[in-house]
Amino acid sequence: MSQQETQIQTPNDEADELRKLLAEQENKIDEVADLVSRVRHEINNPLTGILGQAQLLLREELNEKARKRAETIERLAQRLAQTVAELRLVQKPVRTAATDGRRRSSAVSK
């Protein structure tokens, strides 16, 4: 067999190579989605405590300076909570036979 003949790929070989590359990329996407889910969880838990403590503090009688600081903590914690909530959009795609190997986003977040 000549060198030219061994370098020619059949359509099946090319399709197999593309499927392998696609599977590798899908695995990377899954890893990123898992990481985002863990990060979201690790931020959200202490953030809930910070927000709750700021809200409890605001129920007390505070001088003007302390009240403004507590309000700033509450406002920033709410802003961060909203950002963390937006991370729910990054989800592990679901593969189904119905999508013929194509991916669609999961409706269930972790």
Side-chain angles (χ1 to χ4, degrees):
M1 213 184 265
S2 73
Q3 186 177 9
Q4 185 179 12
E5 290 175 327
T6 59
Q7 290 181 355
I8 297 175
Q9 287 187 331
T10 67
N12 285 339
D13 292 340
E14 290 176 5
D16 288 343
E17 188 174 325
L18 289 174
R19 276 192 277 285
K20 181 181 174 188
L21 290 171
L22 179 60
E24 290 172 3
Q25 294 304 310
E26 288 175 340
N27 287 336
K28 287 179 184 178
I29 290 170
D30 289 348
E31 290 172 6
V32 169
D34 286 342
L35 175 63
V36 169
S37 178
R38 287 191 311 272
V39 167
R40 195 177 83 228
H41 177 77
E42 291 300 322
I43 292 173
N44 206 36
N45 283 347
L47 182 59
T48 299
I50 292 168
L51 184 56
Q53 291 298 310
Q55 290 170 342
L56 288 172
L57 191 58
L58 287 169
R59 291 181 181 179
E60 298 179 10
E61 286 192 37
L62 302 170
N63 64 41
E64 185 66 25
K65 188 175 184 179
R67 178 159 298 283
K68 285 187 177 192
R69 287 180 176 171
E71 287 170 348
T72 298
I73 293 168
E74 179 188 36
R75 187 181 69 252
L76 294 175
Q78 287 172 339
R79 183 172 142 199
L80 186 54
Q82 182 179 357
T83 301
V84 169
E86 289 173 6
L87 290 175
R88 279 188 235 134
L89 298 174
V90 179
Q91 299 176 22
K92 185 184 287 189
V94 175
R95 295 176 195 93
T96 65
T99 58
D100 193 32
R102 288 173 284 163
R103 300 158 65 92
R104 61 181 173 81
S105 181
S106 165
V108 179
S109 63
K110 288 186 177 181

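Worth knowing before you read on, the calculation uses all heavy atoms, side chains too, and leaves out hydrogens, waters and symmetry mates.
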### Task
Name all residues meeting the side chain to side chain donor-acceptor pair (under 3.5 Å) criterion together with Q55; count only those two or more places apart in sequence or in a different chain, and write none if there are none.
E74

### Message
List the residues meeting side chain to side chain donor-acceptor pair (under 3.5 Å) with R19, not counting sequence neighbours, and say none if there are none.
### Response
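Listed in chain order: D16.
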
#### Entry: Note, T72 side chain near L76 side chain (heavy atom, < 4.5 Å)
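The answer is yes, as the side chains (C-beta and beyond) meet within the 4.5 Å cut-off.
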
Result block: side-chain N/O donor-acceptor pairs under 3.5 angstrom for residues 42-53, not counting sequence neighbours:
| residue | atom | partner | partner atom | Å |
| --- | --- | --- | --- | --- |
| N45 | ND2 | H41 | NE2 | 3.2 |
| T48 | OG1 | N44 | O | 2.9 |

Please tabulate, for the side chains in residues 56-69, all donor-acceptor contacts under 3.5 angstrom to protein atoms that are two or more places apart in sequence or on a different chain.
| residue | atom | partner | partner atom | Å |
| --- | --- | --- | --- | --- |
| N63 | OD1 | K65 | N | 3.1 |
| N63 | OD1 | A66 | N | 2.7 |
| R67 | NH1 | L58 | O | 3.1 |
| R67 | NH2 | L58 | O | 3.4 |
| R67 | NH2 | E60 | O | 2.8 |

### Message
Run the side-chain contact (heavy atoms from CB on, under 4.5 Å) test against T83 and tell me which residues pass, sequence neighbours left out.
### Response
none

### Query
Can you name the residues that form a side-chain contact (heavy atoms from CB on, under 4.5 Å) with V32, not counting sequence neighbours?
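V32 satisfies side-chain contact (heavy atoms from CB on, under 4.5 Å) with V36 only.
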
### Message
Which heavy atom of A54 sits nearest to which heavy atom of A70, and what is that distance?
### Response
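Closest approach of A54 to A70, heavy atoms only: CB-O, 4.1 Å.
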
### Query
How many angstroms lie between atom CG of D34 and atom CG of D30, to the nearest 0.5 angstrom?
6.5 Å

